[in-house]
Structures are given as C-alpha cells and as structure tokens.
Undergrad: 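Take this structure first; my questions come after.
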Amino acid sequence: MLSVVRVHLPSEIPIVGCEITPYVLLRRPDGAVSTDDVPETAPTDGQFMRYRWYRIQSDRKVPICSVHPMEQATIQCLGCLKSKIPVAKSYHCSAKCFSDAWQHHKVLHERASSALNENGAEEEELFGRFGSGGSGVLSTAGSGSLSNFGQSPGVSNGPVPLYPSGTDKNSGETWFEVGRLRTYTPTADDIGHALKFECVAVDSEKRSPVGPPTSIMTSRVIPAPTPTPRRLIQVNGDVLGHLDLDSQTSSLGTFTVLSYNILADAYATSDTYSYCPTWALSWTYRRQNLLREIIGYHADIICLQEVQLNHFEDFFAPELDKHGYQALYKKRTTEVYSGNPVAIDGCATFFRRDKFSHVKKYEVEFNKAAQSLTDAIIPAAQKRVALSRLIKDNIALIAVLEAKFGNHVAENPGKRQLLCVANTHINVHQDLKDVKLWEVHTLLKGLEKIAVSAGIPMLVCGDFNSTPGSSPHGLLAVGKVDQLHPDLAIDPLGILRPPSKLNHQLPLVSAYSSFARMVGVGYDLEHQRRRMDPATNEPLFTNCTRDFTGTVDYIFYTADSLTVESLLELLDEESLRKDTALPSPEWSSDHIALLAEFRCKPRIRR
C-alpha cells in the first residue's frame, strides 16, 4: 500500500510570491522509501498521491507590521496616510519598532512630500507586486469577491473550487481550498492567514482515499518586504537632479550598467548569516526578491557575480529573457571546487537585445594563467606549492557588444559603436594579497590587448574583494602600484617582481568617484556625500555584513571614451543596521547593487 512516512516544510513561514514545495517521504507498495512523487498520470499498484492546500481564515482583520512581517501591527503612522504612502508601510508592531525605524521611515515622508518622486503607482507595482493588497488591511473570511479569489497573475496552483471547503464552528475559522498541486505559491489573498497542506494516497479505480490524510500547518503568510526604491542621481550637468528609474529610458547615446554580487545560495547559510531569518535566506524567497530588484533597475547591461550554474540555467536566463535580455555565462573552474557540479557559481552578463548585439566573448581562466606562470618562472621542485597558492578557480567574462542606439551612425556612417564589458569576481582570501593583485593585473593586461586591437570603450565591473587603498584598487584606479605599497611585501613566489611591471595603460576611473567630484548643494548631493569616503572617493561600503563593512565592488570605465551621466544612489548603513546587516528580508544579498549611466564621447577625427 502507498503511504506517507513523513511531511515537513522547507520553511514554516510562507511568503507571498515564493513557492512552497513540502518534503513528502513516501513508502511504496514494495516497501521502498522515496521522495519521488506518484501522480495520477503514473500510479503505482493502482494508487496515486493527491494533494490539497487550504487557506484558514478567521473572522478578524490582521494588519501586519511593515518592519517585522511576522508580527501583528498595533500602531499606524497617520503621516503615511496623509502623504498617500502605500498603507502597508504605515503599520508597526510597537512604539519601539516605530521609533527604531524612524530614520529610515521618515525618508518615505520626505520623498512623498517633495516633487522629486512622482512615480507612486509604478513604484508600488515594481516593489510591491508580491506584497500586501492595495488596501494594506488584510481581508477577512468571505469578504473578498469571488472574482479575485486565489490567484496572482502568472501563478498557477492548480484548479480550485471557488467556495469554502469547511468551517470550524468553535473557532469561527473557514477553510478555503486554494491549491491542488504539491507546490503552492501564496498570493496576496493569503496574507495574515495560515495554510494547511494535506496529502493522501488515493485508489485509482474507486477515487477514494487509502487511509487517513497527513497534514501540516504553516505560520501566517506574510508579504514580501518592500525595499525603498533607489533613485538614479544625475551627476553630469549644470543642475543636480534625479531620474525616475521606473519610467527611465536611456537618452540618446547613453546606456546603463548594473554590477551586483547576488550572494550564491551555496554561501547563504544560517551559520554565516545567523542574524537573517531563515525564510529570508531561502533561495525560493531570495531569487524572487533579487529578480524584482534587478528588473526594477531597467539596466541595459547587467553584470552579476556569484550566479550558480543551475540558477542561471533554470531561473535567471529564462526570466530575464522574458524582459528582453540576452545572456552570457562563465562558470568558475573546478580544480579546487569539490561541491555539487551544478551548484558552482560564476559570472553572468545580460544585455538588452534592443540596445546591443553580441559581437564576441572572451573567457579568462586564472587557473590557466597560473599554470603558464609557474611553467615560466617557478623551479620544477616548487611548482606544486606554487600552484596550490595560485589556483583559486576564479574567472572573468568579457563581452564585446555593438550598440544599436546613439548618434554615432549619423556622425560616422558605416562605423560601428563597439563596447567591451568585463565582469569578474576575484574571490581570493585576504591573506593572499599577492594572488589577488596578480589576478587583477592579469585581467588588465588582457583587456589592454583588446583595447589596442579594437580601440573601443571599456567597462570593468565586479567584486574584486579589494578595498580602496589596496594594491589591486590602486592598479585599477591609478594604472600602477606604488613600489613601496605594503601589499608588495607578501610575495613568496616572486610573481610581482619587478614591481615596475605592475601597470597598465587603460585610462580607468571608478564611476562612483563622480559623486565625490560633484559641485553644488542640495538634498541629494549632501546625502550622497555622506555615503562617500572623502579619503578614497569611493562609497563607504558596497558589502555590509555583521563582521565586515567596506567597499569591494566597482564599475570602472575608460574616461577617454565614456562619461558618467548619473549614478544609482547609495544606501546608508544606518537603514541597513535595523536588520543587523545584509542580507536581510529587505535586501537579499550581502552586497549592494551599483549602477551607472554612461554616454559615449564623440570620436575625434584624425
């Protein structure tokens, strides 16, 4: 007889828009135990598994705290109602909750009361599509019309009846059947209500259950937290202003580039990020939150790091394809890596098909460069030790694209506007400063060859695991390394000698240094200056965890061929610390996204 041995949920807290697939362990008629499903279309010994999902609704309304979505709200900010801020953001679970969140919360009021942000409806759609309903007050049993029962656009939970499945007279609870598949995706109608999953073996002929059903309850469904949208701040022009990302289309001759380390699922463990709720660390939640954020930036080119191979193939490539992006990918090499082959991470570059076409792809494998280096300068007896130090499985993905926009066609008939975009993750332990610098130098020398042969604008994006002031950052930003730099003292293999060779000819500038060079006064300018380090002209941080806060991510560009028009505003550390650090329910990576808008400089006729 087919029977259920055990059922449990990947997370007890369901979130709107994040699918739930319970773990169901079955004992088959032959005695074998397996998690493989037995659907009606493929019964075993005349039996199959039937699944049901129920929403349990009570007779009272339950508003949810906007800061702690697992808590009921007890107070409401009337200023939000007057400012027509989405009402779901007005609820708080306690006076202390409201007080602690005030510095972050008052930004909503400031923006709503200024003329700087007039995209409310679009903003709510972008950042709140998996959040609470338009009213912000949770619906009660039977209060919703049947026409909007159950489903969100694009979500299928199987055919369900449009009527209550049962009522408990003692508790006043009503059970609505909401799904008939093993997997269920909570909708906005489920917010504030518990769900019940039920499974039972069914006789194929009699269509009746074989034995009692097994069921399990969830906690109340919570809305996905809604991050405060980040705006694009203009940095080039006479007047400091901001651009509306939601409705933004790059002006003639400009394009936007996003760089973002999204934190691979393999690294997002509760041991490392114990301060982040387990449901917010789950990949089913984070992938939807990350996708919503990335799509909301409307970037023309997207450079992502720490993208697992399986997540690229099964999620990011198909999802971004729906939004008009073509994808390129390079996974890390596997000489050191010993985990699941499909879970290895790498770099993914996406570009809008209506803005660019793909010309050429280069793949840099630093392991191969390490092998060539040791063959050339390391004595045979020391090669094994040298390779164990140098080989880190890091890669870089370089794409040459052709622009389909701008006025270069009119100015230069028949002349193509090409662009070279490098995307890398230099994942090297901080103690191996020589290896980190060597990898960055190797990448830059390769880019130099492309620049000489093609003479095209260049972008170098990624997570370099190097803070401002370090030798890799100096090499990138200044074109050389100070020969007295303390990092050069660590070179047991002699791979950095002579130090005078550590240079390149690319006129690279960090895009975010434009914030430090802005002149004038204004609300936006002051806020961005406070988030910049005046000593380095870089952001105070791009990576913010409990144990480390600093800048390691950059977008570099060739200043002789590109100018920065605008930058995505930086986040302030205080607002992030309300959740201890990153990742959090609001932001699903331990890094923040960087985005810059560029304009191609006119070519000088010679």
Side-chain angles (χ1 to χ4, degrees), residues 230 232 243 245 248-262 290-291 293-307 312 316-317 319-330 346-364 396-406 408 416-425 443 447 450-451 454 456-464 506 508-512 514 542 553-559 561-568 591-601:
R230 296 168 64 189
L232 207 54
L243 300 175
L245 265 174
Q248 179 224 344
T249 55
S250 297
S251 58
L252 189 65
T254 70
F255 61 93
T256 52
V257 180
L258 174 74
S259 185
Y260 197 5
N261 180 327
I262 62 169
L290 287 165
L291 180 67
E293 181 188 358
I294 291 166
I295 290 172
Y297 293 134
H298 301 285
D300 298 315
I301 300 170
I302 300 171
C303 295
L304 303 182
Q305 302 87 44
E306 288 196 20
V307 181
F312 171 78
F316 284 109
E319 288 297 326
L320 287 170
D321 176 69
K322 297 174 186 175
H323 292 270
Y325 290 93
Q326 185 171 330
L328 301 172
Y329 184 76
K330 172 61 180 172
C347 294
T349 299
F350 304 85
F351 57 90
R352 296 184 66 92
R353 296 187 195 91
D354 61 343
K355 299 293 288 285
F356 293 96
S357 58
H358 178 227
V359 177
K360 194 165 186 178
K361 172 185 175 184
Y362 298 91
E363 296 181 346
V364 179
L397 172 61
I398 303 170
V400 177
L401 308 176
E402 180 179 357
K404 297 180 179 180
F405 59 89
H408 64 276
R416 305 162 76 191
Q417 175 62 66
L418 299 178
L419 176 70
C420 181
V421 183
N423 181 8
T424 191
H425 183 195
L443 172 62
L447 290 174
I450 298 174
I456 58 177
M458 287 208 165
L459 294 165
V460 186
C461 308
D463 174 0
F464 292 85
L506 299 171
L508 294 178
V509 175
S510 174
Y512 270 78
S514 297
T542 63
D553 307 272
Y554 307 93
I555 299 175
F556 285 95
Y557 67 99
T558 46
S561 53
L562 296 169
T563 58
V564 180
E565 295 290 305
S566 51
L567 293 166
L568 185 66
H591 294 248
I592 65 170
L594 301 179
L595 182 144
E597 181 185 26
F598 294 98
R599 183 182 297 277
C600 295
K601 286 185 175 180

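Note that the coordinates shown come from a computational prediction; the quantities given were computed from them, not determined experimentally.
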Undergrad: Partners of F356 by ring pair (Phe, Tyr, Trp, His ring centres under 6.0 Å), sequence neighbours excluded?
TA: F255, F405
Undergrad: Carefully, step by step, assess F598 and I555 under the rule side chain to side chain contact (heavy atoms under 4.5 Å, CB included).
TA: CA-CA 11 Å; F598 294 98; I555 299 175; 3.9 Å; yes
Undergrad: Quick one: OG on S561 to CG on L419, what's the gap to the nearest 0.5 Å?
TA: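 Atom-to-atom, S561:OG and L419:CG are 8.5 Å apart.
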Undergrad: Stepwise, does the side chain to side chain contact (heavy atoms under 4.5 Å, CB included) test hold for L320 with L291?
TA: CA-CA 8 Å; L320 287 170; L291 180 67; 4.2 Å; yes
Undergrad: Can you tell me how far CD of E597 sits from CG of L568, rounded to the nearest 0.5 angstrom?
TA: 11.5 Å
Undergrad: Which residues satisfy the salt bridge (Lys or Arg N to Asp or Glu O under 4.0 Å) test with E363, sequence neighbours excluded?
TA: K330, K361
Undergrad: Any non-hydrogen side-chain atom of T256 less than 4.5 Å from a side-chain atom of H298?
TA: no
Undergrad: Under the rule for ring pair (Phe, Tyr, Trp, His ring centres under 6.0 Å), what residues qualify as partners of F464, not counting sequence neighbours?
TA: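 Per chain and number, F464 pairs via ring pair (Phe, Tyr, Trp, His ring centres under 6.0 Å) with no residue.
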Undergrad: Of all heavy-atom pairs between L397 and C347, which one has the smallest distance, and what is that distance?
TA: CD2-O, 3.7 Å
Undergrad: Just how far is it from atom NE2 of H591 to atom CD of E306, taken to the nearest 0.5 Å?
TA: 6.0 Å
Undergrad: Would you find a donor on one side and an acceptor on the other, under 3.5 Å apart, between the side chain of T558 and the backbone of M458?
TA: yes
Undergrad: Might you point out which heavy atoms bring E319 and H323 nearest each other, and give the distance in Å?
TA: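 Reported closest heavy-atom pair: O-CD2, 3.2 Å.
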Undergrad: Among residues at least two apart in sequence or on other chains, which ones pass ring pair (Phe, Tyr, Trp, His ring centres under 6.0 Å) with Y325?
TA: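 Residues passing ring pair (Phe, Tyr, Trp, His ring centres under 6.0 Å) with Y325: none at all.
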Undergrad: Measuring only between side-chain heavy atoms, which start at C-beta, is L304 closer than 4.5 Å to F312?
TA: no
Undergrad: Got a sec, which residues hit side-chain contact (heavy atoms from CB on, under 4.5 Å) with K601, two or more places apart in sequence or on another chain?
TA: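 Here the qualifying residues are T563.
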Undergrad: Any side-chain heavy atom of L401 within less than 4.5 Å of one from I301?
TA: yes
Undergrad: Please give me the minimum heavy-atom distance between A596 and A511, naming the atom from each residue.
TA: CB-CB, 4.0 Å
Undergrad: What's the verdict on side chain to side chain contact (heavy atoms under 4.5 Å, CB included) for D354 and K404, showing C-alpha distance, side-chain angles and the deciding distance?
TA: CA-CA 7 Å; D354 61 343; K404 297 180 179 180; 6.0 Å; no
Undergrad: Do you know the tightest heavy-atom contact between C420 and L447?
TA: SG-CD2, 4.2 Å
Undergrad: Taking C-beta and beyond as the side chain, do F350 and I294 meet within less than 4.5 Å on heavy atoms?
TA: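 Contact flag for F350/I294 side chains = no.
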Undergrad: Side chains of L459 and L562, heavy atoms from C-beta outward: is any pair under 4.5 Å?
TA: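 Of all side-chain heavy-atom pairs linking L562 with L459, at least one is under 4.5 Å.
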Undergrad: Where do T254 and E565 come nearest, in terms of heavy atoms and distance?
TA: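 That closest heavy-atom pairing would be CG2-CG, 4.1 Å.
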Undergrad: Could you give me the CA-CA distance, side-chain angles and deciding distance for D553 and S259, then say whether side chain to side chain contact (heavy atoms under 4.5 Å, CB included) is met?
TA: CA-CA 8 Å; D553 307 272; S259 185; 5.6 Å; no
Undergrad: Are L443 and I398 packed together at the side-chain level, in the sense that at least one heavy-atom pair is separated by less than 4.5 angstrom?
TA: yes
Undergrad: Taking all heavy atoms of A299 and all of L595, pick out the closest pair and write down the distance.
TA: CB-CD1, 3.9 Å
Undergrad: Please list, chain by chain and in numerical order, all residues satisfying side-chain hydrogen bond (donor to acceptor under 3.5 Å, both in side chains) with Y260, sequence neighbours excluded.
TA: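 Expected list: E293.
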Undergrad: Side chains of P457 and Q417: does their closest heavy-atom pair fall under 4.5 Å?
TA: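 P457 reaches Q417 side chain to side chain.
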Undergrad: At what distance, to the nearest 0.5 angstrom, does NZ of K360 lie from CG of L418?
TA: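 CG of L418 is found 11.5 Å from NZ of K360.
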Undergrad: Looking at CG of L290 and CD1 of I295, how far apart are the two atoms once the value is rounded to the nearest 0.5 Å?
TA: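 That separation rounds to 11.0 Å.
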